[in-house]
Each structure stands twice: as structure tokens, then as C-alpha cells.
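Quantities reported herein were computed from a predicted structural model and do not represent experimental measurements.
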Amino acid sequence: MAGERYNAPEREDHWQKQWELRGLFRSVEDPSRPKYYVLEMFPYPSGRIHMGHVRNYAMGDVVARFMRAKGYNVLHPMGWDAFGMPAENAAIERGTHPAKWTYANIDAMRAQLKSMGLSLDWEREIATCDPSYYRHEQKLFLDFLKAGLVTRRKSKVNWDPVDQTVLANEQVIDGKGWRSGAPVEQRELTQWFLKISDHADELLERLGNLERWPEKVRTMQRNWIGRSEGLQFRLDLVDAKGKPAGELEVFSTRQDTIFGMTFCAVSVDHPLALKRAKTDKALAAYAQDARRHGTSEEALERLEKTGHDLGLRVAHPFIEGKTVPLYAANFVLIEYGTGAIFGCPGPDQRDFDFCKKMELEIFPVVAPASMKPEDYASYTESYPARAEVFDGEGILINSDFLDGLAIAEAKSEVASRFEARGKGKRQIKYRLRDWGVSRQRYWGCPIPVIHCEACGVVPVPEADLPVTLPEDVTFDKPGNPLERHPNWKNVDCPACGKPARRETDTFDTFVDSSWYFARFCSPQAAVPTVRSAVDYWLPVDQYIGGIEHAILHLLYSRFFTRAMETTGHVGLAEPFAGLFTQGMVIHETYRGAKGEWLSPAEVRIEDKDGKRLAFQASTGTEVRIGPVEKMSKSRRNTVDPSDIIGHYGADTIRWFMLSDSPPERDVQWTDAGVDGAWRFTQRLWRLFNRAAPWIASSSAPVMDPGEAAMGLRRAAHKHLKNATDAIAALRFNVAVAQIYEFTSAIEAVVGKDELAADAGARAAGREACEILARMVAPMMPHLAEECWQLLGHSSLVAAESWPEADSALISEDKVTMAVQVNGKRRDELTVARDAAKEDIEAAALKLENVVRAIEGRKIKKIIVVPQRIVNVVA
RNA sequence: GCGGACGUGGUGGAACUGGUAGACACACAGGACUUAAAAUCCUGAGGGAGGCAACUCCCGUGAGGGUUCGACUCCCUCCGUCCGCACCA
């Protein structure tokens, strides 16, 4: 036995088979037991799992196994987010059919995940590209359509003229298509939209209830939804001759600054601008230029804020006879508010800059609250020369009837006056826009509608679902294969029976992932969701994934759940009660002589005089060690999880992922770190091998345990409590540290020859080992089984309950308190746990170090915090 | 620009509601075992000063100030790093 090594790969295979044989991780609804739904964001089947997956799923598995041991009925499923562009790209590049490519990847990745020993219910596995999944997505869409949650309209989209498809914003890089490199055009296309913006207020409001979500994610969603309260109002226009020329409707959150209005501006796409552009060629050219810059954010940053005079003037609503110019301006967005603004250079930096350029009047309308009224005049005079505007809290000035009011009061006053005149209304605007879900792509869920010349848009009858993708498609030409398929799109109209055309757009893949968590509750059902199942399992109690989904996926899923509630598919509004966003896996980067990226496998690291040097393994030439960055194919700084699992085993890679770094922060992959984790697996295995015969004859705790026994029992229960709390709070690195300490404590007792005759120590050793095996089980499940077996059990530790910490053993009867003099630690004092304050004070004052520190000074005060600290103030 | 997070030894990090800063791990050094190596085990260590030594003293959680008997923790100012959003009226 001694000298042997734990053969992780072989034993892990064995234990995985045992779990599967007994169906330990299959979950069945059981209303008599409390449920716990733990879910990690399901992967895109790109081909192989990466370290990010390993970290994500290791964490989720700890939670799943821990909660199972705590007695919960745990649901822990896995599936595949299987539609998407990479499959089509593979088809274009390699001629493989997207389905073939995708399913092969799923098979490969399933095997990899299984080798990690995850406690998943594989019977619930789903793939979003499977008709058995997406038929229900189509049904949901039809229900949403009926419920008025869907709309179809023309909108501007990013269009790649080479690939002939719409691109998501994320796929536009510096104004160019990410694949083709062609400049992206803005095109008007008729698209399907889910009306998420109708629910902006709900989605915002309910963020407040998501207490177990990271503040950061809630803030990001709050900003994304972008609520602003303001006033929408109409201003009178006059033409060059001073005659009335209609009205201009604007939106502002700062209507209090109305007396500072020195111009108005509209978007180049505003009706007023479009109308004039028909006759004003210079304006038409200006507008064209402004639109061109609309795509790239970088260009926006540098873009000068300019305007083109529209030849109209705007009458000031409160100053008789005053008018200001009206411009078409490149910085006004048609999508937001009314596409028109009133410009006030006072508290608005952008308007201030614009006025300077256009040489318009500039004066402040808000003065800092601390300023004395006699200084207002000089403040006003010097204002145009300022480098930056004042936009803080303050008092209205230069504003007629608003003078002296605070900003909030002035806002309310102005709003009331407009409302009284019938010229305006208080309004709340959101930045959030409707979610365009149409994609001109093959590998996605077909949108189940039919276009008929006579009947218009006709939903596919539910009996005809699913609308499946045709298999005989070609990818040799750019564009949507569904569009050019010879007959797929030709159907008879379900309403009138005349020839009609199928919708050839497919859904954005974010639609697929917006309800998969609900489908997991009844993955084989003939309807999208079974109410008894979702009512039992949902919400997801703990969702774990990357921060990159903070907005899109998580916001869409929240909206989708609300929509499914409206249509009766679920009975709750929020899908994820708890969210955890884990950090990335990062690694050093290496570059060769020509600046080419080198993978860690191609590099040999050496220590020379305390300096780390890297050499190319094949040539021996020196390699530059670059910054530590997120593992990525482009930088080639990836490590393949399967290589590590094949060499060290799954437990080692899991343990490493959970050690050291707090789970929300990035973890740096290092060989030394993996070696350390591997050494610990060996150490535990050796310990249990040594312990087994040593504790074999022990039974129940003995009547009169000695010092060694009591010490070990106290350590066991203390570490058990600490680790339990840490795991429950997802602080795996802290739990790992507790397990290390606990292991050392056991090693100090178990197997020691001098304690072999101590029955109490042997009994405590058994108790400690049994606790340790179960504590380790969520993190290193295979090794834990091995250890459990070594202790003589025939049961599986994966099915064992979590040990209970005995609080009586944790609170020791003697405590060590620090003794401070004037706040500086001078000595320590061990007293009975319940010692009286007076006795503690007296004992503290007798300590040599304390006496010396006091130096005969008079004692002013003594603070005693029971069980913690004594502070003598002298 | 707006918003958020963070800043602790050589490194990753720990420190409960303000109460012994640096747990645990990595790396390092010394030692044991060994013919040797690997593996394993033991020991040491924030920086500085004094002492043969047990030990004692000073400094120390980005910088400066404040509150407190007592601050990594709370407050203010500043510096730095990272992230998100960004012409949103």
C-alpha cells in the first residue's frame, strides 16, 4: 500500500459508473421534499470544453452535491445552446452540414463533461437545435403573438453586404463585419420584435427584488433599461418672416433649464429635416454624412458636433418675442425621445460645446447652492469662458419666475405650466428598445409564420408544428440557404389555401436560451412546460455563469419568463432567484522571436537566479513571457482540460479550480498550482490508507477521551462548521483552506504510534475521517468515494448526508484573549470561557508585559470584550 | 464623461456584525530519509532594531486626514488598477 499512488483516471471511471448504475443524480418531483435547482449556463457546442467551462461546472457541481447532502431534492441538468453561426461557418468552410457538425461536437463535449464526474441528470439533456426542443419554442412564439407580445415592423439593422445577413451589434467591429470585413451598412428591414420595451418599468422595478444577484449585474441592467423622467412638450415654430410654422415636440429631463434655451435641434432623420432636405441639397448631403457615421462608436467619439440651420426659429415658451435657431444636428438620435431637443448650454456640456462652435449665446441658469446672490452677475459674465459647465445641484438664476428655486422645484413648476397650457406632459422614457429576433440565417429555429398576399401574416397552425429546417441545403453562396431552397418556402396559406410563402428568417439564438431553464423541468413533455413541474422546480435557486451575459441573456430570460407567465406557461415572473458570476481562467502568454503566439505546450519554463525564463521547447530559443490574459485561441494561451483530466484526474482539476482564488475573481492557471492540487489528492489518499487500519477497531466515542482525542474532535467540528458556511456562501476557496487545516489536524493524530493505545484518539480519528470524506465529496467526489470505501463503507458517499457540526465542541471552555495597552497588543491571556470581567481585568493587569507597558501610569479605563480582547487605557 | 468594483508579504489570497493582520496554499530557504535523485516528512520566514536565547521594541493592509479605547474593516480627500455603459436630451 505505502509507496503506491492513487490511480485517479482509473478509479474515477469506476466511481462514475457506480453513480450512473444507481441513478444517484436523477431528479424526480417530490412535493414532500424541499427542492433546489442549480444551473450553470449551458455551453455552445463549439467542439471541446475549455477551462472556463471546467470552472463553471465545477462550482455548480459543488453546490449541487452539497445541497443534495443537505437533504434537498436537487435538479442539476445540462444541455446545449446548439444553434448559431459557427455551425454555418463550419458548413461554409468545410462543407459539413451544420447539424452533423453540431451533433458531433455535442457527443465529444458530453464525453468530456462526463469525465469531470459532474452530478448531472443526463436524462434531462436537451439541445436547442433539436426539433423536440424548438417546436415548443415555436409554440411559445405563437402564444406570444396571440397575447400581443410580438410585433413586426421595419427597422434599421446592421447589414453585411458580403455575407448578406443581419449582424448583431456584437458582430460589428469598427464598423465592419466580423467575418467578411466589409463595411456594415444600415438597412431598413422588416423584422420580428419581442416587445420587451413595454415591460421596461417592470423589468427595472423587479431588479430591486433580486437580492441574490450581484449588485454589478443589477446596475448594468438598470443602466441598460435607462429610465429617465422628464417632460415632453411642444414649442411653437416661426418661419423666416415671423409667421407661425407649426410645432416642435421635444423631450427633456431638465425642463428647469428652459430659460437657458439658446437653440433647438432635431435628428437628420426627423420629419422636419427630411422635408427640408428635399429642397436643400446641402442639408441632404449633411444628413447623408451624419448617417454614415452612425455605425461606428469610435467614429462617434471623435465626431465633431455640428448642425445645419433649418431656416426656422423656435419661440421661447415663456419669453415674449424671443426666438432661437433650429438645426438638424448629427448628435441628435431619432430613436430616443422625440428625435428633437432644446439646447441649453448652461448645465449641459455637449450643448455648451455646440453653442461655442456655432457662436450662440451662453449663460448659466443654475448657480452652486453655496454661491452668494451678489456673485451671480460676475458668475454669469465669466460663464462662457469656463472650461467645463457646472451641472451640480444648485439654485436657479437668470430664469424669471424660477429664480431662487431648487432644481427639483423648478422642474415641477415648468412641467405644471406646460401641462396647464395643454402643451406638454410629464413622461418617463426608457433607453431599452424592442428585441429584434429575426436572423437571415439557416441554423436557427424557423419563425412559424406564413406570408400570404391575401391574408397577410398567418401563424402556422399548431397542428403543423414543428416547422423543421430542411436538410438539403447548400452553403456555397452567401445569403440565407432557406431563402434559395427550391421549395421549402412554398406553402399553401393556412387561412385561404392559396399559394403563400414561408417566413425564411430564423430566431436569434438568444431566444433559444431564454427559456431552456424552464424546459429542463419537463424536457420530454409534449407541451413547452408542464405547470406542476415548473411550479415545483422554478425559480432556479442558483444560476452560475460568466459576467458577459449580464445584460443580453439575463435580461431576455427575465422578459421571456414574464411573457411565459402572461401566456400561462409558468407561474412566476423572475426565473433566477440567485445569480453568481464567476471569474475567468487566465494564463501567461508567450511570443516567439517573430512575435508569433506560442502555446504553453510549446514552451519550457526555467528558473535562473530567481528569474523565470521561457524557451521554445523545439528550438531552445528564448521566448518572451507576456501578460497574463484570458485564455483564448487567438493568443494560444489555452490548456486543454482533457489533457489535465487524463493525466491527473478530474478531482485534481476541480480542486485547483476551487482553491485559492475567490470564485468571482479571475484564476490564473499555473502548472505549479495544478501540481499542488494533485499533491493534495495523493496526500488525502495516503492519509486514509494509513487511517483505515489504525481506526479499524474503534467504535463509538469513548467515555473519557484524552487530550489528543478532544483536540481532534474540536478541530473537526470547527472546520466542519467553517467549511459548511463557506460552501453555502459559495466561498469555495475558504472552504478549501478549512479542509487543508482539518487534514493537517487529522494527520497529527491518526496513525501515530504513540497514540495507538489511546482508544479515545482512535475513535476521534474515525469520526474525523468520516467527516473529512464527506466534506471533500462535493469538490473531489471520486476521491471521497475512495476514502469512504477505505473506511469500510459499502455505501456511496455521494448519497450520504452532510455531517452536522456539534456546537458544544466548537465553543471551547477556555479562550485566549489578546491584551492591549492603549490599543497596542502587548500580551495574551487564557481564561475560562465564562470568566467574570473583574477577574479578567485583574489577570490582565498582572501580566508582565502589560505592567511594563503601563509604566506606572494611571489606568483610565479598561475595556473587556468577552472572549476577544482586553484593552487597558492608561 | 457617467456608473461600478478593487488596492493586504515574493505570489494567489484569509481576517465573523470595528476586536491578536498575513490563516491556507504556491514559490523560496534549511534539515531528515536516500549511494543519489524523485517522492515524502520536519522546520523557517511581513520589514527593521536589540539579545546567546526564550523574548522585547518600532514600522506595517495604495497615500494623507478623521471618528473610536481600538480601523484592512466606518467617514472625507487624493492616487492607481480593472470592468461596464457611453452623443440617451
Residue-phosphate contact under 4.0 Å: A:Arg222 side-chain N/O, B:G3 OP1/OP2:
no
Please enumerate all residues that pass ring-ring contact (aromatic ring centres under 6.0 Å, His included) together with A:Phe259, with sequence neighbours excluded.
A:His316, A:Phe318, A:Phe401
Contact list for residues 259-271 of chain A, test salt bridge (Lys or Arg N to Asp or Glu O under 4.0 Å), sequence neighbours left out:
A:Lys156-A:Asp269, A:Asp269-A:Arg291
Here the residues of residues 655-662 of chain A within 4.0 Å heavy-atom distance, strictly under, of RNA chain B are A:Asp660, A:Ser661, A:Pro662
With the criterion being N/O to N/O and under 3.5 Å, what pairs connect the protein with nucleotides 16-18 of chain B, and how long is each?
{"residue": "B:C16", "atom": "N3", "partner": "A:Arg868", "partner atom": "NH1", "Å": "3.1"}
{"residue": "B:C16", "atom": "N3", "partner": "A:Arg868", "partner atom": "NH2", "Å": "3.1"}
{"residue": "B:C16", "atom": "N4", "partner": "A:Arg868", "partner atom": "NH1", "Å": "2.1"}
{"residue": "B:C16", "atom": "N4", "partner": "A:Arg868", "partner atom": "NH2", "Å": "3.4"}

Once you apply a heavy-atom cut-off of 4.0 Å, does A:Thr816 come out as touching a base, just sugar-phosphate, or nothing?
base
Pairs under 3.5 Å (Watson-Crick or G-U), crossing ones as [ ], inter-strand ones as |: RNA chain B comes out as (((((((..(((......[....))).(((((.......))))).(((((....)))))..(((((..]....))))))))))))....
Let's see if you can work this out: which of B:C24, B:C87, B:A89 has an atom nearest to the side-chain heavy atoms of A:Val332?
B:A89
Does any N or O in the side chain of A:Asp827 come within less than 3.5 Å of the main-chain N or O of A:Leu847, such that one atom is a donor and the other an acceptor?
no
Identify, with sequence neighbours excluded, every residue that meets side chain to side chain donor-acceptor pair (under 3.5 Å) alongside A:Trp435.
A:Asp508
Does the A:Gln427 side chain pair with the main chain of A:Gln232, one donor and one acceptor, at a distance under 3.5 Å?
no
Is the phosphate of B:A89, meaning OP1 or OP2, less than 4.0 Å from a side-chain N or O of A:Tyr336?
yes
Rounded to the nearest 0.5 Å, what's the gap from CZ on A:Arg825 to CD on A:Gln820? Could you check?
9.0 Å
Report yes or no: does A:Asp256 contribute a side-chain atom to a donor-acceptor pair with the main-chain N or O of A:Lys411 at less than 3.5 Å?
no
Phosphate oxygens OP1/OP2 of B:A89: is one of them under 4.0 Å from a side-chain N or O of A:Ser228?
yes
Give every donor-acceptor pair under 3.5 Å between a side-chain atom in residues 867-874 of chain A and any protein atom, sequence neighbours left out.
{"residue": "A:Gln867", "atom": "OE1", "partner": "A:Arg833", "partner atom": "NH1", "Å": "3.3"}
{"residue": "A:Gln867", "atom": "OE1", "partner": "A:Arg833", "partner atom": "NH2", "Å": "3.2"}
{"residue": "A:Asn871", "atom": "OD1", "partner": "A:Asn822", "partner atom": "N", "Å": "3.4"}
{"residue": "A:Asn871", "atom": "OD1", "partner": "A:Gly823", "partner atom": "N", "Å": "3.0"}

Could you go through nucleotides 29-34 of chain B and list every protein N or O atom that sits under 3.5 Å from one of its N or O atoms, giving the distance for each pair?
none

Establish, from distance only, whether the side-chain atoms of A:Thr306 and A:Asn330 form a donor-acceptor pair under 3.5 Å.
yes
With sequence neighbours left out, which residue pairs that include part of residues 731-752 of chain A fulfil the side-chain hydrogen bond (donor to acceptor under 3.5 Å, both in side chains) condition?
A:Trp655-A:Tyr740, A:Arg683-A:Ser744, A:Arg683-A:Glu747, A:His719-A:Gln738, A:Asn722-A:Gln738
Decide, for B:G9, between syn and anti: a glycosidic angle within 90° of 0 counts as syn, anything else as anti.
syn
Under a plain distance cut-off of 3.5 Å, with no hydrogens placed, do A:Ser228 and A:Thr253 share a side-chain donor-acceptor pair?
no
Produce a footprint string for nucleotides 69-75 of chain B: one letter per nucleotide, 5' end first; B if the base is under 4.0 Å from any protein heavy atom, S if only the sugar-phosphate is, - if neither.
BS-----
Rounded to the nearest angstrom, tell me the gap between atom CZ in A:Phe342 and atom P in B:C88.
14 Å
Examine distances only and state if a side-chain atom of A:Asn689 and a backbone atom of A:Trp685 form a donor-acceptor pair shorter than 3.5 Å.
yes
Could you tell me whether the phosphate oxygens of B:C24, OP1 or OP2, come under 4.0 Å of any side-chain nitrogen or oxygen in A:Asn733?
no
So, does A:Arg350 get its side chain near the phosphate of B:G1, meaning an N or O under 4.0 Å from OP1 or OP2?
no
Have a look at A:Arg218 and say if it touches a base, only the backbone sugar-phosphate, or nothing, with a 4.0 Å heavy-atom cut-off.
nothing
On a whole-Å scale, what distance lies between the P atoms belonging to B:G64 and B:A71?
15 Å
Strictly under 6.0 Å, is that where the ring centroids of A:Tyr327 and A:Phe354 end up?
yes
Describe the nucleic acid contact of A:Phe251 in one word from base, sugar-phosphate, nothing, applying a heavy-atom distance below 4.0 Å.
base
Using the C1' atom as the reference point in each nucleotide, state the distance between B:U40 and B:A54 in Å, no decimals.
32 Å
What string of B, S and - do you get for nucleotides 36-61 of chain B, 5' to 3', when a contact is any protein heavy atom under 4.0 Å?
----SS--------------SSSS--
Can you sort out the partners of A:Trp678 under ring-ring contact (aromatic ring centres under 6.0 Å, His included), two or more places apart, ordered by chain and number?
A:Tyr648
At under 4.0 Å between heavy atoms, what does A:Val819 touch on the DNA or RNA strands: base, sugar-phosphate, or nothing?
nothing
Sugar-phosphate, base or nothing in reach of A:Glu741, heavy atoms under 4.0 Å
sugar-phosphate
Regarding the side chain of A:Thr219, the nearest nucleotide among B:A15, B:A89, B:G3 is B:G3
Could you measure the distance from the CZ atom of A:Phe263 to the CE atom of A:Met261? Nearest 0.5 Å is fine.
10.5 Å
A:Arg852 versus A:Asn849, side-chain donor and acceptor atoms under 3.5 Å
yes
Output yes when a side-chain donor or acceptor of A:Asn637 lies under 3.5 Å from a complementary backbone atom of A:Glu629, and no otherwise.
yes
Gap between atoms CG and P, on A:Leu552 and B:G84 respectively (whole Å)
13 Å
